[in-house]
Amino acid sequence: MFRPSPYEALQVLPPEERELSGKERLLLASGPLLSWYRREKRDLPWRENRDPYRIWISEIMLQQTRVEAVKPYFFRFFEHFPRISDLAAAPEEELLKCWEGLGYYSRARNIKKAAEILTEKYNGIFPESYGEILALPGIGSYTAGAIASIAFELPVPAVDGNVLRVLSRVTGSFDDILKQSTKKKMEALVSEVIQPGSAGDFNQALIETGAMICIPGGAPLCSQCPFFTVCAARSQGLTEKLPVKTPKKKRKIEEKTVLLLEYQDKIAIRKRREDGLLASLYEFVNVPGQLSAEEAGALLDQEVWPEPLPEAKHIFSHVEWHMGGYFVSLKEMPESLPGEESGPALFLTWEEIRKEYPVPNAFAVYKKYLDQRYGGEEE
DNA sequence: AAGACGGGGGA
DNA sequence: TCCCCAGTCTT
C-alpha cells in the first residue's frame with residue numbers, strides 16, 4: 001500500500017530541499033539576534049531606562065532623523081520640559097524654539113497636543129495599550145509599536161525603514177518597501193514571531209541590525225550579522241538587489257527675494273502661516289521672484305538704497321528655494337510690508353530674534369549675515 | 001496611492 | 001547631485 005512521506009502529506013519539501021519561509025528564518029534567528037543585540041547595542045541616551053515619556057520623545061525625534069542629530073536636542077528637551085505636564089503647559093513658541101533646526105515641525109506641535117491629552121485624559125500617565133498610544137497625535141504604527149514594546153513589553157511590531165530593509169533581505173522579498181502594503185506584510189510577519197518578555201529588545205534588535213549591519217547606501221556587513229546563516233539575500237547574492245524601492249520625483253524650484261529690513265537697529269520678521277511649509281515659524285520679509293535692487297526698493301514706498309546680500313539655496317524634500325536678498329535701512333516705519341501671505345511684521349533687535357524666535361535654517365545665510373553685522377556668537 | 005513636511009551627512 | 005534617515009498626516 002502506498003504511504004506518502006510526512007513531507008509529501010504536508011505538501012512541503014523536506015528542510016534541506018526547500019527554501020525557508022520568512023517566518024522560519026526569523027524564528028531561527030531570534031535567539032542569536034537577541035544575544036547579539038544585548039551584547040553589541042549602542043549606548044544611547046534613550047536606552048538609559050524605560051520611562052515611556054523619554055521613549056516617546058526619542059521616537060518622535062528619531063522620525064526621519066539621524067541618531068547623531070537627535071542627541072543634543074534630546075538632552076535639551078528634558079531640561080526645558082522635565083515632566084509631561086510641563087510640556088502641556090508650555091507655550092507652543094517655547095517648544096518650537098527648542099525644536100528649531102530639527103525639522104518636521106508638526107512633530108513638535110503634535111507632541112504638545114499629545115501632552116495635553118495625556119495630562120487631561122490620562123492624568124499625566126502614559127496609557128499602556130497599543131490602541132490608545134496609536135490614537136495620540138503624531139504617533140503612527142511604527143512609533144506606537146516602539147513605545148508599546150520598549151516601554152511596556154507589549155508584543156507588537158515596530159517596523160521602520162531599518163526593519164523594512166532587514167526583513168526584505170532576510171526573507172528575500174522583492175516587494176517594494178515604499179508601499180504601505182509591504183509594511184503591513186512585514187508587520188504581520190513580526191507579529192507572528194515576537195515574544196512577550198523580549199518584545200522591546202526584539203524590535204530594537206531588528207532596528208539595530210538595520211542601522212549598524214544591514215546599512216542603507218553601502219554594502220551590508222554580513223560577516224557580523226546575526227542573520228548571517230538564515231538570510232536569503234546573503235545566501236543567494238541578492239544584497240545588491242534588495243530592498244526594492246521605487247524611484248522618486250523631482251523637486252520644484254521656487255525663487256525668492258529676502259529683504260532684511262532695518263529700522264532704528266531693529267530687523268523685521270514675521271510669523272509664517274499656520275499651515276504648510278515651516279508653519280508658524282518666523283521668517284525675514286521675502287517676496288516671490290528674483291528682484292533687482294530697484295524692484296526691491298520700489299516695494300517699500302520710501303527712498304531706500306538696498307544693499308545686495310549673498311545668494312542662498314535651501315533644499316527641502318520636495319521643493320528648493322533659490323534666494324537672493326537685500327539689506328535695506330528704512331528711514332521711516334512702513335505702513336505695510338510686501339509679501340501677502342504672512343502676518344504683520346515685528347521689528348526686533350537681532351539679539352532678541354536670535355534668542356527668542358524660531359527662524360528655520362532655510363535662512364541660515366541671512367542669519368549669519370546678521371550675526372556678523374550686529375555681532376552674534378563670537379568667532 | 002501620492003504628496004507634504006526639514007535638515008544634514010555621506011557617496 | 002542624489003539618497004537616506006528609529007515616519008505621520010492629509011488629500
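Quick note on labels: first sequence line is chain A, next is B, and so on, each numbered from 1. Fair warning: this is a prediction, and the values are worked out from it, not measured in the lab. Worth knowing before you read on, the calculation uses all heavy atoms, side chains too, and leaves out hydrogens, waters and symmetry mates.
The side chain of A:Gln180 lies closest to B:dA1 when the candidates are C:dC5, C:dA6, B:dA1. Nearest to the side-chain atoms of A:Gln64 among the listed nucleotides C:dA6, C:dG7, B:dG7 stands C:dG7. The side chain of A:Leu277 lies closest to B:dG6 when the candidates are B:dG6, C:dC4, C:dA6.
Nucleic acid contact for A:Leu278: sugar-phosphate only, since backbone atoms but no base atoms lie under 4.0 Å from a heavy atom of the residue. A:Val67 comes within 4.0 angstrom of a nucleotide base, judged by non-hydrogen atoms across all strands. Residue contacts shown for A:Trp321 are absent, as no nucleic acid heavy atom lies under 4.0 Å away. Across all strands, A:Arg47 comes closer than 4.0 Å to base atoms (heavy-atom distances). Using a 4.0 Å heavy-atom cutoff across all strands shown, A:Lys71 reaches no nucleic acid atom at all. Residue A:Gly218 is out of contact with every strand shown, counting any heavy-atom pair closer than 4.0 Å. Among the protein residues, A:Ser58 comes within range of no part of the nucleic acid, since none of its heavy atoms lies under 4.0 Å from any strand. Backbone-only contact: A:Gly138 has heavy atoms under 4.0 Å from sugar-phosphate atoms and none from a base. Within the nucleic acid shown, A:Ala158 has no heavy atom closer than 4.0 Å to any nucleic acid atom. Within the nucleic acid shown, A:Leu281 has no heavy atom closer than 4.0 Å to any nucleic acid atom. No contact: A:Gly210 has no heavy atom under 4.0 Å from any strand.
Within 3.5 Å, a donor on the side chain of A:Arg66 pairs with an acceptor on the base of C:dC4, or the reverse. For A:Arg42 against C:dA6, a side-chain N or O and a base N or O form a donor-acceptor pair under 3.5 Å. In the interface, the side chain of A:Thr65 is paired with the base of B:dG6 through a donor and an acceptor atom under 3.5 Å apart.
For C:dG7, neither phosphate oxygen OP1 nor OP2 lies less than 4.0 angstrom from any side-chain nitrogen or oxygen of A:Gln63. Not one side-chain nitrogen or oxygen of A:Tyr104 sits closer than 4.0 Å to the OP1 or OP2 atom of C:dC5. OP1 and OP2 of C:dT8 both lie 4.0 Å or more from every side-chain N or O belonging to A:Lys113. Applying the 4.0 Å criterion to OP1 and OP2 of B:dG6, one finds that A:His314 has every side-chain N and O outside that range. Contact between the side-chain N/O atoms of A:Asn361 and the OP1/OP2 oxygens of B:dG8 is found at a separation under 4.0 Å.
Side-chain atoms of A:Arg270 never come within 3.5 Å of backbone atoms of A:Tyr282 as a donor-acceptor pair (strictly under, hydrogens ignored).
For the atom pair A:Leu299 CG and A:Tyr326 OH, the distance stands at 10.5 Å (nearest 0.5 Å).
Base pairing annotation: B:dG6 forms no Watson-Crick or G-U wobble pair, as no partner gives both donor-acceptor distances under 3.5 Å.
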